[in-house]
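To keep things clear, I will list the structure first and then write my remarks on it.
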Amino acid sequence: MTLRVYNTLTRQKEPFQTIEPGKVRMYVCGPTVYDKAHLGHAVSLLVYDIIRRYLEYKGYDVRHVMNYTDVDDKIINRARELGQDPQALAEHYIQEFEKTMRALGVLWPTVQPRVTQEMDWIQRMVQGLLDKGYAYQVEGNVYFDVTKDEDYGKLSGRRLEDLRAGVRIEPDPNKRHPADFALWKAAKPGEPTWDSPWGPGRPGWHIECSAMNLHHLGEQIDIHGGGQDLIFPHHENEIAQSESYTGKEPFVRYWVHNGMLRVRGEKMSKSLGNFITVDDFLAEHEPDVLRMILLNAHYRSPIDYDEPHVQQAKQALTRLRNAMRPAYPNAPGADDEVLQRLQAQIQATREGFEAAMDDDFNTAAALAHLFELVRAINQARDAGATDAQLQPAQDLLRELGEDVFGLHLQPQAEGASQADIEPLVELLIEVRSELRKQKQFALADLIRDRLAALGIRLEDTPHGTTWRRETREPHANQP
RNA sequence: GGCGACGUAGCCAAGUGGUAAGGCAGGGGCCUGCAAAGCCCUGAUUCGCGGGUUCGAAUCCCGCCGUCGCCUCCA
């Protein structure tokens, strides 16, 4: 099977072929660090985490770059409000963001460049664009001249005439064309500045991503990711800069854009003030719940966030985890017919899962195949399968659910180890069984309830009583 | 005004020409002292609406209605 990926540039799914065989160069737009991460950031982190995990499952070596925008109007303004140094503020929120990444359990990017550490590459590109006539200087500012780029607008499907007719482009007397954008902004009093051939100033927003791509991945890359709201103008401008500078097309082989998270039917955004921070979410729910919400939908679709969806995702996650539970006590072993069915499902699941993921990372369809495996495992367990007989199926569920989807399906008990408490729990179960035989249900239930309060769940089956540590509690992000 | 996406059972959602995956919730049953989990059965003659193409359409075309996004910072 060949992986096919939807490319925003061509608006269709295309066979995935990398520039270098076996290697993927992937760049994902990271945050501007002036505030805590919200759920939209989490969506982006998780979507590209899952994509990366699948690429690695397919055997690719992924070089994954995610930037931090640590120089920007918003940072400067926030720092001014708080009476802080902008760099200190940015550093603080980078640390916060990385806490969030750890809490969400995403694979760590290979490189995490910061604008402030890329000035050489940024200035080199700005100068190159000036030299080639794609940019012009006005009073210490450098602007990109969109009229010099014949195919400007190809990513977002816009034409300059349309833009000119646009209602909300603010007139700027310095710009030759309203759609021209700043590569370098002349210094204003009280702002961080860097020396440059065009005078003191700081980079415009778009140039950083072009420069970091060039520096860390090369002139052409395989995948460029980001939210759909970045298609215009940010990614459009990136293409214009990079292709004008290098003279090579395409700058990016596959433009991948994830759908926006919505709250109460509207996009969640800082300007609308309806955003939920990741910390707020994690104080109530475990990170896998958000992962499940995303897995259940397609990454390009908008996702509505609300409590009912959270509850649905939580239940579905529990069903997945319950399939990892062991065989019944003293399981006699399942017969051949049952085992053959289980074996057939193992094969069908892997094939179905890969076919779904190969089709533009169709996680919802892939997840459906996982649930079919779940049913087969549960059927086999009910039919008396032993742990050894269940293991191949559970191994597959673990591989696809944990390694590829990034979920945590195995109970991860905290505190005392399993081995430490096992003899004690077994003792209590034995005592309780005696009580049940003697119909002393009040006492038996007391033991069950008190153990439940301690996070140990007892379940009576026809074959005996099983126990397990309660799945982990929701926890706030750890330091 | 320009560009674009979407509209599938109570809810989430896959499915882009061959007769509707999966999950959540609900109902019935099995199991059980009870509980929990699990298993079995159960739901759209139908895919926003109206036309058209086709032997055949949720899937293609046209029109309409509705929701949302981008065009300004934004994952």
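By convention in this document, chain letters (A, B, ...) are assigned in the order of the sequence lines, proteins followed by strands, and residues within each chain are numbered from 1.
A heavy atom lying under 4.0 Å from RNA chain B marks the following residues of residues 7-15 of chain A, by number: R11(A). Interface residues of residues 380-392 of chain A facing RNA chain B, ordered by number: D382(A); criterion, heavy-atom separation under 4.0 Å.
Among pairs with a residue in residues 438-448 of chain A, those fulfilling salt bridge (Lys or Arg N to Asp or Glu O under 4.0 Å) read D445(A)-R448(A), R448(A)-D460(A), at least two apart in sequence or across chains. The side-chain hydrogen bond (donor to acceptor under 3.5 Å, both in side chains) pairs that include a residue from residues 366-375 of chain A number zero, where partners must be two or more places apart or lie in different chains. Residues in residues 324-336 of chain A take part in these salt bridge (Lys or Arg N to Asp or Glu O under 4.0 Å) pairs, two or more places apart or across chains: R325(A)-E459(A).
Here the separation of G56(B) from G51(B), taken at their P atoms, is 16 Å to the nearest Å.
For Q379(A) and C40(B), the shortest distance from a side-chain N or O to OP1 or OP2 is below 4.0 Å. The side chain of N296(A) contributes no N or O atom lying less than 4.0 Å from OP1 or OP2 of C24(B). Contact check, R432(A) against C34(B): no side-chain N or O comes under 4.0 Å of OP1 or OP2.
Counting only heavy atoms from C-beta on, E459(A) has its side chain closest to A37(B) among A75(B), A37(B), A14(B). In the set C24(B), C31(B), G22(B), the nucleotide with an atom closest to the side chain of Q312(A) is C24(B).
Applying the side chain to side chain contact (heavy atoms under 4.5 Å, CB included) criterion to A37(A), with sequence neighbours excluded, gives H41(A), F97(A), T100(A), V278(A). Listed by chain and residue number, nothing satisfies the ring pair (Phe, Tyr, Trp, His ring centres under 6.0 Å) test with H309(A) (two or more places apart in sequence, or in another chain). Taking the side-chain hydrogen bond (donor to acceptor under 3.5 Å, both in side chains) definition, one finds that Q312(A) meets it with nothing, sequence neighbours left out. A393(A) pairs by the side chain to side chain contact (heavy atoms under 4.5 Å, CB included) definition with L342(A), I346(A), L373(A), I377(A), not counting sequence neighbours.
Within 4.0 Å of E372(A), counting heavy atoms only, lie sugar-phosphate atoms of the nucleic acid but no base atom.
As the counterpart of G63(B), C49(B) is assigned, both hydrogen-bonding distances of the Watson-Crick or G-U wobble pattern falling under 3.5 Å.
Comment: K36(A) does not engage D280(A) in a salt bridge, judged by the lack of any side-chain N to carboxylate O separation of less than 4.0 angstrom.
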